[in-house]
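Taking it in order: structure first as structure tokens, then the write-up.
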There are 2 protein chains.
Amino acid sequence: MPSRLEELCVKKGLKMTDQRRVISRVLSEATDHPDVEEVHRRASAIDPRISIATVYRTMRLFEEAHVIDRLDFGDGRARYEEARTDHHHHLIDVDSGEVIEFTNDEMERLKESIASELGYDLIGHRLELYGVPRKRRADKSES
Amino acid sequence: MPSRLEELCVKKGLKMTDQRRVISRVLSEATDHPDVEEVHRRASAIDPRISIATVYRTMRLFEEAHVIDRLDFGDGRARYEEARTDHHHHLIDVDSGEVIEFTNDEMERLKESIASELGYDLIGHRLELYGVPRKRRADKSES
DNA sequence: TTATTTGCAAAGGCTTTGCCTCGGA
DNA sequence: TCCGAGGCAAAGCCTTTGCAAATAA
């Protein structure tokens, strides 16, 4: 059965090849934020007839069709996730690399308000928080 | 006379060479957020005996000494500014490329609060807004 | 069929690095 | 003097692209 992303692509009029179907599926099934190499790895496991160049081309295609979002966690390579309607952000656990998603209405309101005060209409934004798990007890003893 | 950045570097115990002095000066005098190539261009104008490799090495050195901050506006290359004590963010005018700096106490509070709710201590964050100048009048006629 | 897409390998953009010479303290 | 810094060019990493063969509609 077609993945959610594949159906979206078809709806957008994208020509669907075997490769694009596999990549759609990989992205639909992902619960993390894979980079291109990781998408290629997962796609290859399903169908080895897929080159990294095609993955790059497909990610760009999907991004331009707004069916996926490109993320940048500051490590020099692009990460991806299925496009979503909610405005959400990411908190990166710098110890484990884990990415926690969150939404925050006040944040949405605030950034609109900031842009507005500066005389701008907002067309995009990026917010990432980098943190470490909070210690249970207040121990300032640890360096 | 030494630039503000040069004095800071000395205070941090960095060995100051002619190249580093020139780069310090360029960064201290900058009111924008130059990338490495631009820093190299400006430095070369002062003293041509400066290679791009040295600029890269120096930017990294300065960054690690926390006398400059590295910025990422999502265009695939690093931008820099003198380190500052205030937490400020950037609004990028996507029409002109102009970068507007802003500070916002509510934002500072909010991100701490979000991290805290998720069980994290914040050690860093990034926020950039991308916008276009707001039209004076509400005209929805323009595409 | 026929315009697209893919694979492969080469190239591109930004950044780092090896190596040897130069230079600051 | 002596260890670190700089210059140059090569290499590295992620990404894009030219071209010929394969393929979707």
Side-chain angles (χ1 to χ4, degrees), chain A residues 2 5-7 9-27 33-65 67-80, chain B residues 2 5-7 9-27 33-65 67-80:
Chain A
L5 197 46
E6 179 181 342
E7 291 179 338
C9 289
V10 171
K11 203 171 300 180
K12 296 257 182 178
L14 299 183
K15 181 190 286 190
M16 292 312 283
T17 64
D18 286 350
Q19 288 87 339
R20 290 179 184 177
R21 258 183 284 272
V22 170
I23 293 170
S24 302
R25 185 176 142 197
V26 165
L27 292 168
H33 307 82
D35 59 21
V36 168
E37 203 182 316
E38 183 59 31
V39 172
H40 180 237
R41 189 175 299 121
R42 296 178 194 176
S44 297
I46 299 174
D47 183 348
R49 307 171 313 151
I50 215 165
S51 78
I52 189 89
T54 294
V55 179
Y56 272 106
R57 278 189 277 235
T58 303
M59 300 311 276
R60 176 194 270 255
L61 180 78
F62 285 3
E63 189 192 347
E64 286 171 353
V67 299
I68 63 174
D69 286 329
R70 187 216 306 253
L71 308 175
D72 173 4
F73 294 161
D75 57 358
R77 61 199 152 179
R79 314 290 187 119
Y80 295 90
Chain B
L5 197 47
E6 180 181 343
E7 291 180 337
C9 289
V10 171
K11 203 171 301 178
K12 296 257 181 176
L14 298 183
K15 181 190 285 189
M16 292 311 284
T17 64
D18 286 350
Q19 288 87 337
R20 290 179 186 177
R21 258 183 283 272
V22 170
I23 293 170
S24 301
R25 186 177 142 196
V26 164
L27 292 169
H33 307 84
D35 60 22
V36 168
E37 203 181 316
E38 182 59 30
V39 172
H40 180 236
R41 188 174 301 122
R42 296 178 193 177
S44 297
I46 299 175
D47 182 346
R49 308 169 313 150
I50 227 169
S51 77
I52 189 89
T54 294
V55 179
Y56 272 107
R57 277 190 277 237
T58 303
M59 300 310 276
R60 177 193 269 253
L61 180 79
F62 285 3
E63 189 191 348
E64 286 171 353
V67 300
I68 63 174
D69 286 328
R70 187 215 306 251
L71 309 175
D72 173 4
F73 294 160
D75 57 356
R77 61 198 152 178
R79 315 289 187 119
Y80 296 90

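Chain letters run A, B, ... following the sequence lines, proteins first and then strands; every chain starts at 1.
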Looking at B:Arg77 and B:Asp75, does any basic side-chain N land under 4.0 Å from a carboxylate oxygen?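 The answer is yes: the pair qualifies as a salt bridge.
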Tell me the interatomic distance from [X], atom [atom1], to [N], atom [atom2], rounded to whole angstroms.
{"X": "A:Tyr56", "N": "C:dA11", "atom1": "OH", "atom2": "C1'", "result": "14 Å"}
{"X": "B:Ile52", "N": "D:dG6", "atom1": "CD1", "atom2": "C1'", "result": "14 Å"}
{"X": "B:Arg79", "N": "C:dC14", "atom1": "CZ", "atom2": "P", "result": "10 Å"}
{"X": "A:Arg49", "N": "D:dA24", "atom1": "CZ", "atom2": "C1'", "result": "12 Å"}
{"X": "B:Phe62", "N": "D:dA5", "atom1": "CZ", "atom2": "P", "result": "11 Å"}
{"X": "A:Asp35", "N": "D:dC14", "atom1": "CG", "atom2": "P", "result": "8 Å"}
{"X": "A:Leu14", "N": "C:dT5", "atom1": "CG", "atom2": "C1'", "result": "13 Å"}

So does A:Arg21 have more than 12 non-hydrogen atoms from other groups sitting under 6.0 Å from CZ?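 Yes, the 6.0 Å shell around CZ holds more than 12 heavy atoms from other groups.
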Should the side chain of B:Arg57 and the base of D:dG4 be counted as holding a donor-acceptor pair, with the cut-off at 3.5 Å?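 No, the side chain and the base share no sub-3.5 Å donor-acceptor pair.
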Answer yes or no: side-chain N or O of B:Arg20 and base N or O of C:dG24 forming a donor-acceptor pair under 3.5 Å.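 Answer no: no donor N or O sits under 3.5 Å from an acceptor.
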Counting heavy atoms from C-beta on, name the nucleotide in D:dT15, C:dG7, D:dA9 closest to the side chain of B:Ala53.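 For B:Ala53, the side-chain atoms sit closest to D:dA9.
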side-chain hydrogen bond (donor to acceptor under 3.5 Å, both in side chains) pairs, two or more places apart, involving residues 10-20 of chain B: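 The answer is B:Asp18-B:Arg49.
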Taking only Watson-Crick and G-U wobble pairs with both distances under 3.5 Å, what dot-bracket line describes DNA chain C, where [ ] shows pairs that cross earlier ones and | shows pairs with another strand? |||||||||||||||||||||||||
My understanding is that only residues two or more places apart in sequence, or in another chain, count here; which of them pass salt bridge (charged side-chain N to carboxylate O under 4.0 Å, His left out) with B:Arg41?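 Checked B:Arg41 against salt bridge (charged side-chain N to carboxylate O under 4.0 Å, His left out); matches are B:Glu37, B:Glu38.
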With a non-hydrogen cut-off below 4.0 angstrom, is B:Ile50 in contact with a base, only sugar-phosphate, or nothing?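 Contact class for B:Ile50: sugar-phosphate only.
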So do the side chains of B:Arg25 and B:Leu5 get within less than 4.5 Å of each other, counting heavy atoms only?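 Of all side-chain heavy-atom pairs linking B:Leu5 with B:Arg25, none is under 4.5 Å.
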Going by heavy atoms in the side chains, are B:Met59 and B:Ile23 under 4.5 Å from each other?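 Yes; the side chains approach each other to less than 4.5 Å.
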